[in-house]
Visitor: 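Please read through the structure below; I'll follow up with questions.
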Number of protein chains: 2
Amino acid sequence: MTDSVAAAATTTLADRILTDLTTAIVEGDLAPGEKLREPDLARRFGTSRGPLRDALRRLESRRLVVTTPNAGARVVSLSAEQLIALYELREALEGQTARLAAERISEQELGELERLLDTHEQEIERRHGREYFRQQGDLDFHFRIARASANALLYDTLCVDHYQLMRLYRTKFSNRVGRPHRALTEHRRILDALRDRDGELAEFLMRRHIRTARSAIAETSAVSSNKETTS
Amino acid sequence: MTDSVAAAATTTLADRILTDLTTAIVEGDLAPGEKLREPDLARRFGTSRGPLRDALRRLESRRLVVTTPNAGARVVSLSAEQLIALYELREALEGQTARLAAERISEQELGELERLLDTHEQEIERRHGREYFRQQGDLDFHFRIARASANALLYDTLCVDHYQLMRLYRTKFSNRVGRPHRALTEHRRILDALRDRDGELAEFLMRRHIRTARSAIAETSAVSSNKETTS
DNA sequence: ACTGCTATTATTGTCGACAATCTAGCCCGT
DNA sequence: ACGGGCTAGATTGTCGACAATAATAGCAGT
């Protein structure tokens, strides 16, 4: 489900710690900026510090923790500037996945995408479309396109290296009224472009779609930074 | 020189191993696909396996080694398909850096880029422009633009995570006659676009520039795979 | 000779302890 | 009272040894 090719059945301790720590961070159990003390965490997961350090290193490569030599690891805490940078990265990567997907997506994948968007529409209409599920679904749409781009490196960079980071910083900003409908429409247009095998248009629409989300963030953070300077 | 902000003066053992192993891989001292046995490497670098495993994990995040659980690490060995995927990733990332750099680059950085290209021209003319130096210079141009994009995440993804991998797989393909001149011209056009603050054009030119290199690779690998099937 | 199993070996995964470094609180001098 | 240096505690970095898993070589049987 998560990885590309059939993952090895054997699961090492560091693997388990990695997933547990990841959920702990994303669910907010470990707050952004919080110090991650190796002895504490080792006790918490019932292992020694060896596998734990291993897991921390992998979390670092997924940008969920930042480490400074001799000073340990902290949960990542993105500034508004860094969050915008993340969206600028997404815009580039996902634009390319859309372009490539238009050339390479299969009929079956097109059908699955269509059904996915139908589900989203229903969710939004009966207002079960509350944040949590909708967000997951939104990312699901984006990641299926990444998979359809048939570029494992692009897929990994997006869906492995930055997936949890996006999840972590998504909650706070995508709750403007009317946005779900708008986003769904944008998704449908992108799907149309894919079906037409129009890579150029698919990229254009995908980039604009992400840029829209980025703008919302930029506004929000501008407001909050104003509040800071005012208070 | 390598990192963005002033790197901490303290250098841990894992850091030293990381750089040494990186050069060993890029210089070809460790061949692609070669098994990396932890006890051997630990002896080679005169440390224990702890810091070595640490370094291996970081090399994994830079995609220079691939690790499978309980089976150890190997030096990366890209297939033609994966190499093309790398260039598709570069096209997306560097196109975006060019676009952003057009908005954000300083006059001083513009001047430095111009001087760099002048140096390249001289190198090419007196045919000191043999592969090694030219490649370094080429990457230098690309990375200065990444820096000028003022997006630390984009810069790191390109210049930290994928730099050595690009170095490793660059030697083999960029030696077509006349290509240096052509590439220099393309670089100058990109610089023009940056100076004009024309982000859209800068992105277009950068993407085409990288796509050209990718096509050369696709041809070469097609030829070699033909040879394989013929033999 | 070849296939399949078994035992040995080697390599990776994990652990606890020691050394080096950083952090925090205290004491002292001005 | 305030600041600087010093000591004590805690935390990270490193090491060597043990356990678990995988790879290999040898052997037996067909």
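Note that the structure is predicted; figures quoted are calculated from it, not measured. The sequence lines fix the lettering, A, B, ..., with proteins before strands; numbering per chain opens at 1.
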Visitor: Any side-chain heavy atom of B/R43 sitting closer than 4.5 Å to one from B/D40?
Guide: yes
Visitor: Would you give me the side-chain donor-acceptor pairs under 3.5 Å for residues 66-76 of chain B, sequence neighbours excluded?
Guide:
| residue | atom | partner | partner atom | Å |
| --- | --- | --- | --- | --- |
| B/R74 | NE | B/G33 | O | 3.0 |

Visitor: Looking at A/E112, I want to see if its CD is surrounded by more than 12 non-hydrogen atoms of other residues, nucleotides or ligands under 6.0 Å.
Guide: yes
Visitor: Taking only side-chain N and O atoms of B/T12, does any of them lie within less than 4.0 angstrom of OP1 or OP2 on D/dT12?
Guide: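 For B/T12, the contact criterion (side-chain N or O under 4.0 Å from OP1 or OP2 of D/dT12) is not met.
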Visitor: Roughly, in whole Å, what's the span from CZ in B/R58 to C1' in D/dG13?
Guide: 11 Å
Visitor: Could you go through the salt bridge (Lys or Arg N to Asp or Glu O under 4.0 Å) check for A/E88 and B/R104 one step at a time?
Guide: CA-CA 14 Å; A/E88 287 172 352; B/R104 302 168 184 175; 2.7 Å; yes
Visitor: Whole angstrom is fine here: how far is it from CD1 in A/I17 over to P in C/dC15?
Guide: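 Result: 8 Å.
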Visitor: Starting at the 5' end of DNA chain C, which residue's closest nucleotide do you reach first, B/R53 or A/N70?
Guide: B/R53
Visitor: Which distance, rounded to the nearest 0.5 Å, do you find between the CZ of A/R170 and the CG of A/L83?
Guide: 11.0 Å
Visitor: Between A/H187 and A/H142, what is the ring plane arrangement, given parallel below 30°, perpendicular above 60°, and tilted in between?
Guide: perpendicular
Visitor: Decide if atom CD of A/E34 counts as having more than 12 heavy atoms of other residues, nucleotides or ligands within a radius under 6.0 Å.
Guide: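 More than 12 heavy atoms, drawn from other residues, nucleotides or ligands, come within 6.0 Å of this atom.
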Visitor: Strictly under 3.5 Å: I want the nitrogen or oxygen pairs between protein and nucleotides 16-18 of chain C, one per line.
Guide:
none

Visitor: Collect all protein-nucleotide pairs involving nucleotides 5-11 of chain D in which both atoms are nitrogen or oxygen and the distance is under 3.5 Å.
Guide:
none

Visitor: What is the distance from CG of B/L13 to C1' of D/dT12, rounded to the nearest Å?
Guide: 13 Å
Visitor: Does A/R207 form a salt bridge (Lys or Arg N to Asp or Glu O under 4.0 Å) with B/E203? I'd like the steps, not just the answer.
Guide: CA-CA 13 Å; A/R207 292 188 69 150; B/E203 174 173 8; 2.5 Å; yes
Visitor: What is the separation between atom CG on A/D54 and atom P on C/dT12, rounded to the nearest whole Å?
Guide: 13 Å
Visitor: Figure out the CZ/P separation between A/R16 and C/dT14, and round it to whole Å.
Guide: 10 Å
Visitor: Pair A/D20, A/R44 - check salt bridge (Lys or Arg N to Asp or Glu O under 4.0 Å), show working.
Guide: CA-CA 11 Å; A/D20 289 359; A/R44 171 169 177 168; over 6 Å; no
Visitor: Taking CG from A/D15 and C1' from C/dT12, how many angstroms apart are they, rounded to a whole number?
Guide: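 Answer to the nearest Å: 13 Å.
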